[in-house]
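Notes follow the structure.
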Amino acid sequence: MFSALVIRDLAATIETLFRSELASRPVIVVSGNQRLKVLGTDAWARQAGVHAGDSLKQAEFQCPDAVVVHAREETYRRLFDEMTVDLTDHIDKVETYYDAGNALWYVKTPHQEELNVLRELILGRLGGTVSVGTGSGKFVARVAGISSFGHCRVTPGEEAAFLAPFPVSLLPLTLDMCRRLPMMGIRSIGDYAALSRAAVFEQWDRQGCRCYDLALGIDSRPLQSCQPPLLLEQTLSFEDAVADKESLLAACLQLASALRHKLKGRAAGRLVVLLTDDTGYRHELHLRPNEPLHSMAHFQKQLPLLLEKPTYTTGIIQLSLQLSELAVVEPQQLSLFEVTREQRSVNQAIYGWRQRFHETVYHLTSTGVPRHFPPTLQYEYEALEA
């Protein structure tokens, strides 16, 4: 039996966790630059008729008393990954499903006490509403978790009857299926399961048959255990609140030096700076550099640019640096040519040289370079008629 630990309204829950004044009002989380769309809501805004994908004007018309918050998707994903690491410390296998609406973790355990411990762990870390669904397959467990506020168990053999009243949009439909099924009057999972398998295969091929099996409660997918993301963190607390950016930069470089020794031949593809002010609010600065961070020169270049972004006016009492998406640094093959290995094609190299030396004609010839050389280095340029 599979169990799904579902945290409802992840985006709105995390925003309420950071800002306690939002707990007494409906919350609408929007994303986008020019055309703002609803990314997630809380239960109050959803009951007022606001749904994910609505425009901001539609949401404000449906729920004029709601507080509109701009999404911080990097923050939501970071906290979701940290929660995954905590869960893997208590159970062997965990499969994740991230969504700004209803995010969940799949587990497989026959012990109710273990499920209660995991549920309380999520509640203590993120708060909000956490429900549990249990069924013979992952899809049934997910629907059971979304449909209840406590613990919903689906008895083996009753999966099809349980799934029948739920909307067909819960199935992994293609764009063509999303467009055509409402036109055909198929709005619930039971309506879809009432079709014949031959008709479904004729219309939507293998993907349609997969949805057909899920609608009947047939789900043979195993639990795919995820590898907990590696995370390195250093924290520094200040006795007195610090507001000037020069002092914060010096503190960040101090923490970066300690983190660099922990990398041990690895490079980080993501850098997060956490700043906690004297009011308790946490500011987050996220950076995905073009080149992975593995030396102090990289930190000295990126951290000043990152600290120029915030416009906070309060003092900072705690500073944390996090490095994630760690990978082993591969040795680089030296080259006599001004070509970035595996990142620049032959035509691009010739074009770059022509821009610098207008009176030079370049001719491409093959050479006897050893096979262990990268493919993009197995050539040479001969300057003719210079």
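Only a predicted model underlies this, so the values are computations on that prediction, with no experimental measurement involved.
Note on R78 versus E82: salt bridge recorded, some NZ/NE/NH1/NH2 to OD/OE distance being below 4.0 Å.
Taking 4.5 Å as the limit, some side-chain heavy atom of V273 sits within range of a side-chain heavy atom of L303. Side chains of V38 and Q58 form no contact here, defined as non-hydrogen atoms less than 4.5 Å apart. L87 has its side chain within reach of L121: a pair of non-hydrogen atoms, C-beta onward, lies under 4.5 Å apart. Between R266 and L232, some side-chain heavy-atom pair lies under the 4.5 Å cut-off. Using a 4.5 Å heavy-atom cutoff, the side chains of E233 and L321 are not in contact. For the pair L293/L259, no side-chain contact is recorded, criterion being any heavy-atom separation below 4.5 Å from C-beta on. By the 4.5 Å heavy-atom criterion applied to side chains, L323 and F299 are counted as neighbours. Contact annotation: the side chain of I146 never approaches that of F166 to less than 4.5 Å [non-hydrogen atoms, C-beta and beyond].
For the pair R142 and Y97, the distance from NZ or CZ to the six-membered ring centre is under 6.0 Å and the angle to the ring normal is within 45 degrees. Taking the ring centre of Y106 as origin, the terminal cationic atom of R221 falls outside the region bounded by 6.0 Å and 45° from the ring axis. In this structure, R8 satisfies the cation-pi test against F149, with its NZ or CZ atom closer than 6.0 Å to the six-membered ring centre and inside 45 degrees of the ring normal.
At distances below 3.5 Å, not a single donor-acceptor pair connects side-chain atoms of S257 with backbone N or O atoms of Q254. Under a 3.5 Å cut-off, the side chain of T109 and the backbone N or O of H111 do form a donor-acceptor pair. Using modelled atom types, no side-chain atom of R197 and backbone atom of Y212 make a donor-acceptor pair closer than 3.5 Å. Side-chain atoms of E95 come within 3.5 Å of backbone atoms of Q224 as a donor-acceptor pair (strictly under, hydrogens ignored). At least one donor-acceptor pair under 3.5 Å links the side chain of S131 to the backbone N or O of G145. Using modelled atom types, one side-chain atom of K138 and one backbone atom of P222 make a donor-acceptor pair closer than 3.5 Å. With D42 contributing its side chain and A12 its backbone, the two residues share no donor-acceptor pair below 3.5 Å.
There is a path of hydrophobic side-chain contacts, each under 4.5 Å, that joins V94 to L10. Note: the hydrophobic cluster containing Y76 does not contain V272 (ILVMFWY, side chain heavy atoms under 4.5 Å, direct or indirect links). Using a 4.5 Å cut-off between side-chain heavy atoms of Ile, Leu, Val, Met, Phe, Trp and Tyr, with links allowed through other members, I14 and V68 fall into different hydrophobic clusters. Transitive grouping of hydrophobic side chains (ILVMFWY, heavy atoms separated by less than 4.5 Å) brings L287 and L263 into a common cluster. A continuous path of ILVMFWY side-chain contacts below 4.5 Å connects I7 to Y98, so both sit in one hydrophobic cluster.
Annotation for A141 and A4: closest pair O-CB, 3.6 Å, computed over non-hydrogen atoms. The minimum heavy-atom distance between L163 and A215, with the atom names listed, is CD1-O, 3.9 Å. When every heavy atom of H70 is checked against every heavy atom of V29, the shortest pair comes out as C-CG1, 4.5 Å. When all heavy atoms of V140 and G217 are compared, the closest pair comes out as CG2-CA, 4.2 Å. The shortest non-hydrogen separation linking E159 to V154 is CA-CG1, 4.1 Å. Residues L17 and R125 share a closest heavy-atom pair of CD2-O, 3.8 Å.
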Item to check | R270 and E74: CA distance, side-chain angles, deciding distance, side chain to side chain contact (heavy atoms under 4.5 Å, CB included) verdict | outcome: CA-CA 11 Å; R270 184 178 179 183; E74 293 282 358; 2.8 Å; yes

Checklist entry - Would R72 and E15 satisfy side chain to side chain contact (heavy atoms under 4.5 Å, CB included), going step by step from the backbone distance to the final call? => result CA-CA 9 Å; R72 299 181 293 170; E15 292 296 341; 3.3 Å; yes

Checklist entry - Do R180 and D176 pass the salt bridge (Lys or Arg N to Asp or Glu O under 4.0 Å) test, and can you show the C-alpha distance, the side-chain angles, and the key distance before you say yes or no? => result CA-CA 6 Å; R180 294 174 58 190; D176 182 64; 3.3 Å; yes

Item to check | Trace of the side chain to side chain contact (heavy atoms under 4.5 Å, CB included) decision for V69 with R19 | outcome: CA-CA 11 Å; V69 181; R19 299 171 56 182; 4.1 Å; yes

Item to check | Step-by-step side chain to side chain contact (heavy atoms under 4.5 Å, CB included) determination, L5 to V132 | outcome: CA-CA 5 Å; L5 299 161; V132 182; 3.5 Å; yes

Checklist entry - What's the verdict on side chain to side chain donor-acceptor pair (under 3.5 Å) for Q112 and N116, showing C-alpha distance, side-chain angles and the deciding distance? => result CA-CA 6 Å; Q112 179 64 39; N116 293 336; 3.0 Å; yes

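Between the CG atom in L236 and the SG atom in C252 there is a gap of 9.0 Å [rounded to 0.5 Å]. Between L171 atom CG and L181 atom CG the span is 9.0 Å, to the nearest 0.5 Å. With values rounded to the nearest 0.5 angstrom, W204 atom CH2 is found 9.5 Å from C211 atom SG. Separation of atoms CG (D240) and CD1 (I316) is listed at 13.5 Å; rounding is to 0.5 Å. Considering CE of M177 and CD of Q207, their distance stands at 6.5 Å, rounded to 0.5 Å. D277 contributes atom CG, which lies 11.0 Å from atom CD of Q318 (distance to the nearest 0.5 angstrom).
A 6.0 Å sphere centred on CG of L175 holds no more than 12 heavy atoms belonging to other residues, nucleotides or ligands. By the 6.0 Å contact criterion, CG on D89 is enclosed, its count of non-hydrogen atoms from other residues, nucleotides or ligands being greater than 12.
Ring-plane geometry between F80 and W105 is classed as parallel, the angle between the planes falling under 30 degrees on a 0 to 90 degree scale with a further cut at 60. Note: H294 and H298 have perpendicular aromatic rings, judged against thresholds of 30 and 60 degrees for the angle between ring planes.
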